[in-house]
Amino acid sequence: MCNCNKESQNKNCLADILNTILCLQETDHSTCNASGCDKPFLGPNPSLICYNTRPINLYNCCTGTLWSFPYTIGTTSGTSSVFRVENMDGDCCTCRVLAPNTLGNSTEEPFVTTSTFITINLNCVSAIKCLADTFVSGV
C-alpha cells in the first residue's frame, strides 16, 4: 500500500470521480440525438458519434509519475499510460489498458482496446487526468 504522507488520506474524491466516469460509460447510448445538460452520453457533439469512453491517466502517489503498463496486441507490444475504467470496488479500480491506434482513423478513434486489465488501489493514486471523450471499439 502506498501512503507516502504516513497519515490516513481520504481517497473518496478519486473514487467518486471514477464512479461517475464508469456510470457515464455504462449509459445506454441509444438516445444520441439528445442535447443540453441532461444528455445521457459522453462527448460534445452527438451528430458525429456517441462516445463510449473517457480515457484517463493515473498518477503514482509516491513518485508523481504516470502509471504505465505493458500490453500486447497480436504481434505488437508496447507500454501505455492511458486507461478505461471498467469496474470499481471500494478503493480499488479495475482499468483496461488502451493502446494508441496505429491503424485506421486515429483522429476519430485515437485508442484501441487491449486484453490487459489492471487493478489499482486508489491509495496509490495521487491524481487523475481525464483525456478527451472518445469512441473505443470493442468495449
Side-chain angles (χ1 to χ4, degrees):
M1 181 160 140
C2 176
N3 188 349
C4 296
N5 292 338
K6 307 296 184 212
E7 59 186 61
S8 178
Q9 297 178 2
N10 184 351
K11 296 296 180 179
N12 287 339
C13 65
L14 298 178
D16 289 347
I17 291 167
L18 293 171
N19 275 311
T20 298
I21 292 170
L22 184 61
C23 180
L24 288 170
Q25 290 177 164
E26 291 177 341
T27 300
D28 177 16
H29 300 291
S30 62
T31 57
C32 283
N33 58 355
S35 63
C37 293
D38 59 349
K39 65 182 178 180
F41 55 89
L42 303 171
N45 192 344
S47 64
L48 295 176
I49 194 165
C50 286
Y51 298 110
N52 64 359
T53 300
R54 178 165 292 161
I56 60 170
N57 297 132
L58 301 170
Y59 291 85
N60 183 302
C61 72
C62 293
T63 64
T65 58
L66 283 171
W67 285 98
S68 295
F69 290 90
Y71 66 86
T72 300
I73 300 175
T75 59
T76 303
S77 294
T79 302
S80 178
S81 59
V82 180
F83 310 107
R84 182 182 196 275
V85 179
E86 295 288 340
N87 188 42
M88 288 293 298
D89 185 11
D91 285 340
C92 292
C93 176
T94 301
C95 295
R96 180 189 298 259
V97 177
L98 299 178
N101 185 357
T102 58
L103 304 172
N105 189 345
S106 61
T107 303
E108 291 179 15
E109 290 187 47
F111 305 106
V112 295
T113 60
T114 70
S115 58
T116 303
F117 292 85
I118 57 164
T119 300
I120 296 179
N121 185 322
L122 294 180
N123 290 316
C124 299
V125 176
S126 63
I128 300 168
K129 179 180 179 182
C130 293
L131 306 177
D133 293 346
T134 189
F135 180 81
V136 178
S137 297
V139 294

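For this chain, numbers begin at 1 and follow the sequence in order.
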Test of understanding: clusters of I, L, V, M, F, W, Y form through side-chain heavy atoms closer than 4.5 Å, transitively. Do V82 and Y59 belong to the same one?
no
Quick check: closest heavy atoms across S81 and L66, and the distance to 0.1 Å?
OG-CD1, 3.6 Å
Give, for atom CD1 of I73 and atom OG1 of T102, the distance between the pair rounded to the nearest 0.5 Å.
7.5 Å
First locate atom CG of N121, then atom CG of D89, and finally report the distance between them rounded to the nearest 0.5 Å.
11.0 Å
In short, N60 meets S126 closest at the heavy-atom pair O-OG, 3.5 Å
Under a 4.5 Å side-chain heavy-atom rule over Ile, Leu, Val, Met, Phe, Trp and Tyr, are L22 and I120 clustered together?
yes
Which heavy atom in P55 sits nearest to a heavy atom in A132, and how many Å separate them?
CD-O, 3.3 Å
If every non-hydrogen atom of T94 is compared with every non-hydrogen atom of T119, which pair is closest and at what distance?
OG1-OG1, 3.1 Å
Where do S137 and E109 come nearest, in terms of heavy atoms and distance?
OG-OE1, 2.9 Å
Treating Ile, Leu, Val, Met, Phe, Trp and Tyr as nodes and any side-chain heavy-atom pair under 4.5 angstrom as an edge, say whether I21 and L14 lie in one connected cluster.
yes
Is there a side-chain contact between L131 and F111 (heavy atoms, below 4.5 Å)?
yes
Donor-acceptor check, side chain of R84 to backbone of N52, threshold 3.5 angstrom: yes or no?
yes
Looking at T114 and V97, would you say the former's side chain and the latter's main chain have a donor-acceptor pair under 3.5 Å?
yes
S77 side chain reached by T72 side chain, heavy atoms, under 4.5 Å
yes
Between Q25 (side chain only) and V85 (backbone N and O only), is there a donor and an acceptor less than 3.5 Å apart?
yes
Does F83 belong to the same Ile/Leu/Val/Met/Phe/Trp/Tyr cluster as Y71, with side-chain heavy atoms less than 4.5 Å apart forming each link?
yes
Value for CG (N123) from SG (C92), rounded to nearest 0.5 Å, stands at 8.0 Å
With heavy-atom distances below 4.5 Å as the criterion, would you say the side chains of I56 and L18 are in contact?
yes
Rounded distance [0.5 Å steps], CG in D133 versus CZ in F135:
13.0 Å
Between the side chain of D91 and the main-chain N/O of L122, is any donor-acceptor distance below 3.5 Å?
no
Residue pair T53 / T134, side-chain donor-acceptor N/O under 3.5 Å
no
ILVMFWY cluster, V125 and F69 together (side-chain gap under 4.5 Å):
yes
As an exercise, state the distance from CD of E86 to SG of C93, rounded to the nearest 0.5 Å.
9.5 Å
